[in-house]
Amino acid sequence: MLRAKNCNTLYFRFFFLSIFFGMYQTGSSQIRLPRLVSDGMVLQRDTPVNVWGWAEASEKVQVLWQGKTYRTEADSQGEWKLQLPAQPAGGPYQMSFIASNQLIIKNILVGDVWVCSGQSNMALPMERVKERYGEEIAAAINPNIRHFFLPTRYNFQGPMQDLPPGRWESANPQSVMQFSAVAYFFAKHLYEKYQIPIGLINASVGGSPAEAWLSQESLKAFPEHVATAEILKDSLYIKRIQQREQSDIRAWYARLYKQDKGWQGEKSWTDPNFDASDWPVMQVPGFWEDAGVAPGNGVVWFRREIDIPKQWAKKPAKLFLGRIVDADSVFVNGRFIGSISYQYPPRRYQIPADLLKAGKNTLVIRVISTNGKGGFIPDKPYELVVDSKPMDLKGMWRYQVGATAPPLPGTTFFQYKPLGLFNGMIAPLVNYTIKGALWYQGESNADSPAEYSKLLSALIGDWRKHWQQTGAVSGVFPFIYVQLANYLPVQEKPSESNWAELRQAQLQSLSVPNTAMAVIIDAGEWNDIHPLNKQTVGTRLALAAEKVAYGDTEVVYSGPIAKTATKDGNRLVITFSHIGSGLLAKDGRPLKHFALAGPDKKYVWANARIEGNQVVVWSEKVPHPVSVRYAWADNPAGANLYNYEGLPASPFFLQAR
C-alpha cells in the first residue's frame, strides 16, 4: 500500500512537472512587444510605421490593423518586424498581434511623434514649475497629447533592445506634472495650431554631455571618448568603483552626523526651547563663508523665530526657501517637515495645519555643504505663505557651525560617460517611427566648447542614420535644438566666456540640413541653471517646428542670425537672415552688448545702430575693427537686438571682411 502511494505520488509529480514545463515552453515562445508598443501609444502619421517584437524562432506573426491583416515570421533569433502602411491622423484605434498567443493594444492615436532628449532642462518636469504655471496645469486636459518617460539607463556592452518599464500617459492635471515642461509647452502650441495628436518620448538625463548620446560608430571620430567607452565595457571595473565610492560617501555622512554638535547636547538644536541667543547672525540669503565662517565644508545650522498672527494659527502653510547649497533638513517648532539632498531643486515645503501657532514659532534649517561655498542662493523666494499671503523670511538669521569636514568624496557618474546613454535609451527607440527630435543640452559640455559643434553635428547624423526613416518622414528628420540660456553673474566688461563659445558652436551647427535653433538668452536666470521659464522655450521650439517640420513658409520662427560683417571705414556693417518684419532694439533703448576688437584682439564695448535691415557698429577706441561680438558673455543681460516678431538675435562672433 505504501509502495502504491509512493508510485502515485511520483506519477502526479511527473504529471504536474510536465504541465509546468509545457506552460514554460509555451510562455517562452509567446509573442512579446517592446514597451513603446503599448496601450495609449502615438503612431507617426502619413508615413509607413514599424511595429516589432519577439517570438519563438520562425514563429508566424499576424498583425490586425485598420481592418487588414499583415503577416511576418520571426527570424532565427526570435525577432520580427513589420512595416504598416501610412495612415492619416486620427484615433483612438486598437491593434491585435497574433502568434501562439494574442495581444491587443488599445487607445492608439495616429499623429506626430517627437523624441525629446538632452539634459536636465529637457528632463525637468512640470512639477518643478507648478507655482509659475498653476493655471496651465489645471487646464492640461488633452488626451491627444501623450508622454512616455524613460528612466535613466546606461550600458557600455552594446545597444539594448528594449526599455525599462514605462507607459504612455495622456495629459491631465495629475499626469502632466511628470511631463517634460519644455516638451509639454511645445506639444501644446503645435496641437492648438494643427489639431494633430502629439506623442512625446522623453529620453533625457540631467547632467549628461553630448558624447553620452553617441553610438559606438559615431564615437570613432572622437578617440578620447572611444578610449573611455572601451574601459567601461568592463562591468566589474564599474562595480568596483561604485562600491568603493558608495562606501566612502556613507562613511563621510556617518562621521559628519556623529561629529555634529547640533545633536549632542542635552537639547538638540531643533528643539524650540534651545537657547540660541549667543549664536552669531548673518544675512539670508547669502553664503556663510562670506559672513566670516572659515572656508570649508560640513554642517551649519540656521535658526529664526517668527511671529505668526492669530488668524494664521492652525492653518496649512507653504515654506519657500529658495535654493540651498548643498543639502538641507527643515524643522518647524521642532518637527521635521522635509529635506532635499542636493542643491538644484527649489525648496518648497508643506507645513501641516496643526503645526503653526499664534505668536512665537521656531524655524531651524540644518545645511550640509559638500564641496565649495555653502549657503542660500540670492534672488530666490524665501517666504512663508498662508492663505496666499507671504511673510518675508529674508534678513538676519542666527547660525552656528555643527561640524566641519573635508569635501565629500567624489562620485563617478557613469551615465555621463561616452556611449552609455545611446545604448541604454536611444537604441531601443530607433525602430519607432518619429516626426523629429528636440534637443536641449550643452551646459555639461561648456568646459570644452571647441569640440561641441563637431559633437552635435555627429549626433544629428548618428541618430538620423540609426532611425533609417524613408518616405514622407525622411531620413533627415527635423532636429530642433535649444541654444544655451543666459546664466551666471553679469560681467561689466567684455570678457571671454565658455558659454558664449558653446552658443557659437550651436549657431554653427545650423549648417546641418533640416535643423533649427531656439534662442533663449532672454529666458534664463543668472542664479539658476534650471530657469523656470519653460513656456518660452517650448513655444520657440514649436515655432521652429512649424517651419522645418510642418513646411510653413510664412512663419517667422527665428530671431536675427548674423551672416556677414563688412568693413566700412572705421565701422562694421552686419547683415542678418531671419529679420522677419524688421530689426528692432527692444524697449526702444540703444542697442547693447556689441563689442569690437582691432588687430590686438582686445574687445571693447561699441556703439551700434540699426540702419534698415543691417546693424552698424563702431567705436572711437577701435579705428581698425577686425571682428565683432554680440551678446558674448555667460549672461548677456540687456542684449536687445530682436526682430519685430519678438524673437531675440542669436549671440555671434564674426570676422570682418
Side-chain angles (χ1 to χ4, degrees), residues 30-75 77-115 143-148 150 159 161-163 166-168 170 187 194-201 203 426-437 463-478 549-550:
Q30 289 183 345
I31 192 171
R32 182 168 64 86
L33 299 173
R35 291 189 169 95
L36 272 177
V37 182
S38 55
D39 289 348
M41 68 178 174
V42 181
L43 293 177
Q44 180 56 46
R45 66 182 171 119
D46 299 338
T47 190
V49 298
N50 298 320
V51 290
W52 73 101
W54 302 270
E56 183 75 4
S58 302
E59 186 171 7
K60 291 179 171 54
V61 176
Q62 298 181 67
V63 177
L64 279 59
W65 171 241
Q66 300 291 67
K68 295 183 179 180
T69 300
Y70 303 88
R71 295 177 173 83
T72 189
E73 185 175 297
D75 63 18
Q77 302 301 311
E79 299 176 1
W80 59 269
K81 183 164 75 170
L82 264 172
Q83 190 170 77
L84 303 177
Q87 296 284 336
Y93 307 117
Q94 72 177 34
M95 185 182 296
S96 297
F97 299 81
I98 303 171
S100 58
N101 63 317
Q102 180 173 344
L103 298 174
I104 299 176
I105 304 300
K106 301 176 182 178
N107 193 20
I108 301 169
L109 297 181
V110 180
D112 290 334
V113 182
W114 291 86
V115 170
N144 292 302
I145 296 178
R146 299 184 178 181
H147 183 268
F148 193 104
L150 277 63
Q161 288 190 316
D162 201 4
L163 300 170
R167 63 181 183 179
W168 289 94
S170 299
Y194 298 112
Q195 299 293 299
I196 298 296
I198 302 290
L200 306 166
I201 301 174
I426 297 301
L429 305 180
V430 297
N431 279 330
Y432 203 83
T433 312
I434 64 173
K435 179 75 169 180
W463 286 17
R464 286 172 171 172
K465 181 177 179 180
H466 279 88
W467 254 276
Q468 296 182 329
Q469 293 187 188
T470 57
V473 180
S474 73
V476 288
F477 58 73
Y550 295 91

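Counting from 1, the numbers follow the sequence of the chain as shown.
- If you take CZ on R45 and CD1 on I196, they are separated by 4.5 Å, rounding to the nearest 0.5 Å.
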Residues H466, I426; criterion side-chain contact (heavy atoms from CB on, under 4.5 Å); working and verdict: CA-CA 9 Å; H466 279 88; I426 297 301; over 6 Å; no

Steps toward side-chain contact (heavy atoms from CB on, under 4.5 Å) verdict (Y432, V115): CA-CA 10 Å; Y432 203 83; V115 170; over 6 Å; no

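- We find the CD1-CD distance between I31 and E56 to be 12.5 Å, quoted to the nearest 0.5 Å.
- Across A203 and L150, no two heavy atoms sit closer than the pair CB-CD2, 3.8 Å.
- Side chains of L84 and P48 form no contact here, defined as non-hydrogen atoms less than 4.5 Å apart.
- In this structure, CD1 in I108 is found 6.0 Å from CG in L43, a value given to the nearest 0.5 Å.
- Considering all non-hydrogen atoms of both residues, A99 and V61 come closest at CB-CG2, 4.4 Å.
- No donor-acceptor pair under 3.5 Å is formed between the side chain of N50 and the backbone N or O of T433.
- Residues F148 and V42 are not in side-chain contact: their nearest non-hydrogen atoms beyond the backbone lie 4.5 Å or more apart.
- Within 6.0 Å of CD in Q195 there are more than 12 heavy atoms belonging to other residues, nucleotides or ligands.
- Between D39 and R167 the shortest side-chain heavy-atom distance does not fall below 4.5 Å.
- At least one donor-acceptor pair closer than 3.5 Å links the side chain of E59 to the backbone N or O of S100.
- At distances below 3.5 Å, not a single donor-acceptor pair connects side-chain atoms of W54 with backbone N or O atoms of A74.
- In this structure, I198 CD1 and W114 CH2 are separated by 8.0 Å, a value rounded to the nearest 0.5 Å.
- Considering every non-hydrogen atom in both P34 and G53, the closest pair reads CD-CA, 4.0 Å.
- Residues V37 and W52 come closest through the heavy atom pair CG2-CZ3, 4.0 Å.
- Checking Y194 against D112 by side-chain atom types alone, no donor-acceptor pair falls below 3.5 Å.
- The CD atom of Q62 sits 11.0 Å away from the OG1 atom of T72 when rounded to the nearest 0.5 Å.
- Between Y93 and W65, the distance from one ring center to the other falls under 6.0 angstrom.
- Of all heavy-atom pairs spanning I104 and S96, the tightest one is CG1-OG, 3.7 Å.
- In terms of modelled atom types and a separation under 3.5 Å, the side chain of R146 and the main chain of G40 share a donor-acceptor contact.
- Residue A187 comes nearest to I145 through the heavy atom pair CB-CG2, 3.8 Å, listed as atom of the first residue, atom of the second, then distance.
- Put simply, the side chain of V51 reaches to within 4.5 Å of the side chain of M95, judged on heavy atoms.
- To the nearest 0.5 Å, atoms CG (L36) and CD1 (I201) are separated by 5.0 Å.
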CA sep, side-chain torsions, deciding dist, call: K435, F477, side-chain contact (heavy atoms from CB on, under 4.5 Å): CA-CA 7 Å; K435 179 75 169 180; F477 58 73; over 6 Å; no

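- Residues Q44 and Q469 bring no donor and acceptor atom of their side chains to less than 3.5 Å of each other.
- Partners of K106 under the salt bridge (charged side-chain N to carboxylate O under 4.0 Å, His left out) rule, at least two apart in sequence or in another chain, do not exist in this structure.
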Audit row: R35, D162, side-chain contact (heavy atoms from CB on, under 4.5 Å) steps and yes/no: CA-CA 7 Å; R35 291 189 169 95; D162 201 4; 3.8 Å; yes

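- Within the 4.5 Å cutoff, the side chain of N431 has heavy atoms near those of the K81 side chain.
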